[in-house]
Peer 1: 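My questions will all concern the structure given below.
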Amino acid sequence: MTSSRAHEAQLVPTNGIELCIQSFGDPAAPTLVLIGGAEASMEWWADEFCERLAAGGRHVIRYDTRDTGRSTTFPLGRPPYGSDALLADLLGLLDELGIAAAHVVAHSMGGDTAQRLTVFRPARVASLTLIAASPDGPAGPGHPELPADEWRGEPEARRSSEASRLVGSRVGHHLLHRG
C-alpha cells in the first residue's frame, strides 16, 4: 500500500505556464483535485486534511493556481487572463498527469473553475463538491446572454436529477464519513 504522505511539490507545465502541485497517496487510486479560492495557495488545504483523504484510498492533488503560491505569476495590476484560462490550466494539468476524470472539491473562487469544468467537460468530473462558492450560470454575472429560464418546461424529476448529477454530494459524504 502506498503511503498517504505528501510527495514533493513539483512544477507542471500546462497552458503556457507552470502550476505548482503536490500530491498525496497512491496515483493509481481515484483522484481528488482540491482547488483553492482567490489568492489562497494550495497550502490552504492543510497537510493533515490531505493525508486523511489519501489514507481513505484517494490520490489527492492540490495546486497553486496562476498568480498564487509557487505557480507562474504576472505583474501586479490587470492580469492578462480570465476564468477561461483557469479552466484551461486545470484541463491541461489533468491531461499532463494522465487523469481522465477526477472528483473535484473547490473553495470560493475555485468553485467557478470547478463549475466550468463540470458544465463544459462533464466527462472529466467524477463528482463535484463546492465549499462557499456561488453559481455563475444562466443570467449570472459571467453569462447574462444565457436565458435564466432554460430549465422551464422540463419535468421536475429531470431538473432534480441533472442538478444532483452536476453538484452531487457523494464526495462530501465520503469526505466526512470515511477514514
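Just so you know, these numbers use all the heavy atoms, side chains as well, and skip hydrogens, waters and symmetry mates. Quick note: residue numbers are just sequence positions, from 1. Please read these numbers as outputs of a predicted model, since none were measured by experiment.
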Peer 1: Mark yes or no for whether Glu96, through its side chain, and Gly92, through its backbone, hold a donor-acceptor pair below 3.5 Å.
Peer 2: no
Peer 1: One thing to verify: whether Arg116 and Asp84 come together as a salt bridge, which I'm taking to mean a side-chain N less than 4.0 angstrom from a carboxylate O.
Peer 2: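 Salt bridge flag = yes for Arg116 with Asp84.
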Peer 1: Considering only heavy atoms from C-beta outward, does the side chain of Leu53 approach that of Phe24 to under 4.5 Å?
Peer 2: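 The answer is no; the side chains never approach within 4.5 Å.
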Peer 1: Taking side chain as C-beta onward, heavy atoms only, is Leu128 less than 4.5 Å from Val105?
Peer 2: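 No, side chains not in contact.
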Peer 1: Taking side chain as C-beta onward, heavy atoms only, is Val104 less than 4.5 Å from Thr118?
Peer 2: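 Not in contact.
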Peer 1: Could you check whether any side-chain heavy atom of His59 comes within less than 4.5 Å of a side-chain heavy atom of Asp26, counting everything from C-beta outward?
Peer 2: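 Not in contact.
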Peer 1: So Leu90 and Leu94, do their side chains get closer than 4.5 Å, heavy atoms only?
Peer 2: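 In short, these two side chains touch, coming nearer than 4.5 Å.
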Peer 1: Filter on salt bridge (Lys or Arg N to Asp or Glu O under 4.0 Å), then keep only pairs touching residues 27-43, sequence neighbours left out; what's left?
Peer 2: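 Sorted pair list: Glu43-Arg70.
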Peer 1: Going by heavy atoms in the side chains, are Leu117 and Leu91 under 4.5 Å from each other?
Peer 2: yes
Peer 1: Not counting sequence neighbours, which residues clear side-chain contact (heavy atoms from CB on, under 4.5 Å) with Thr72? List them please.
Peer 2: Ile17, Glu18, Phe74
Peer 1: Testing the basics here: between Ala114 and Leu130, what is the closest heavy-atom pair and its distance to 0.1 Å?
Peer 2: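 Minimum heavy-atom separation between Ala114 and Leu130: CB-CD2, 4.2 Å.
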Peer 1: Are Tyr63 and Val12 packed together at the side-chain level, in the sense that at least one heavy-atom pair is separated by less than 4.5 angstrom?
Peer 2: no
Peer 1: Is a salt bridge present between Asp47 and Arg52, judged by a nitrogen-to-oxygen distance below 4.0 Å?
Peer 2: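 Answer for the salt bridge query: no.
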Peer 1: Counting N and O atoms only, with roles assigned by atom type, does the side chain of Arg62 sit under 3.5 Å from a partner on the main chain of Leu34, one being a donor and the other an acceptor?
Peer 2: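 No, Arg62 side chain to Leu34 backbone: no donor-acceptor pair under 3.5 Å.
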Peer 1: Within this structure, what is the OG-CG distance for the pair Ser23 and Leu32, rounded to the nearest 0.5 Å?
Peer 2: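 Ser23 OG to Leu32 CG: 12.5 Å, rounded to 0.5 Å.
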Peer 1: Does Cys20 offer a backbone N or O that forms a donor-acceptor pair with the side chain of Ser71 under 3.5 Å?
Peer 2: yes
Peer 1: Tell me if a side-chain donor or acceptor on Gln22 pairs with a main-chain N or O of His7 at a distance below 3.5 Å.
Peer 2: yes
Peer 1: I'd like to know if the side chain of Arg58 reaches the main chain of Thr31, judged simply by a donor and an acceptor atom lying under 3.5 Å from each other, with no hydrogens or angles considered.
Peer 2: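 No; zero donor-acceptor contacts below 3.5 Å.
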Peer 1: Is there a side-chain contact between His107 and Ile35 (heavy atoms, below 4.5 Å)?
Peer 2: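 Heavy-atom side-chain distance check fails, nothing below 4.5 Å.
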Peer 1: Taking side-chain contact (heavy atoms from CB on, under 4.5 Å) as the criterion, tell me which of Leu11, Thr65, Thr14 meets it with Leu19.
Peer 2: Thr14
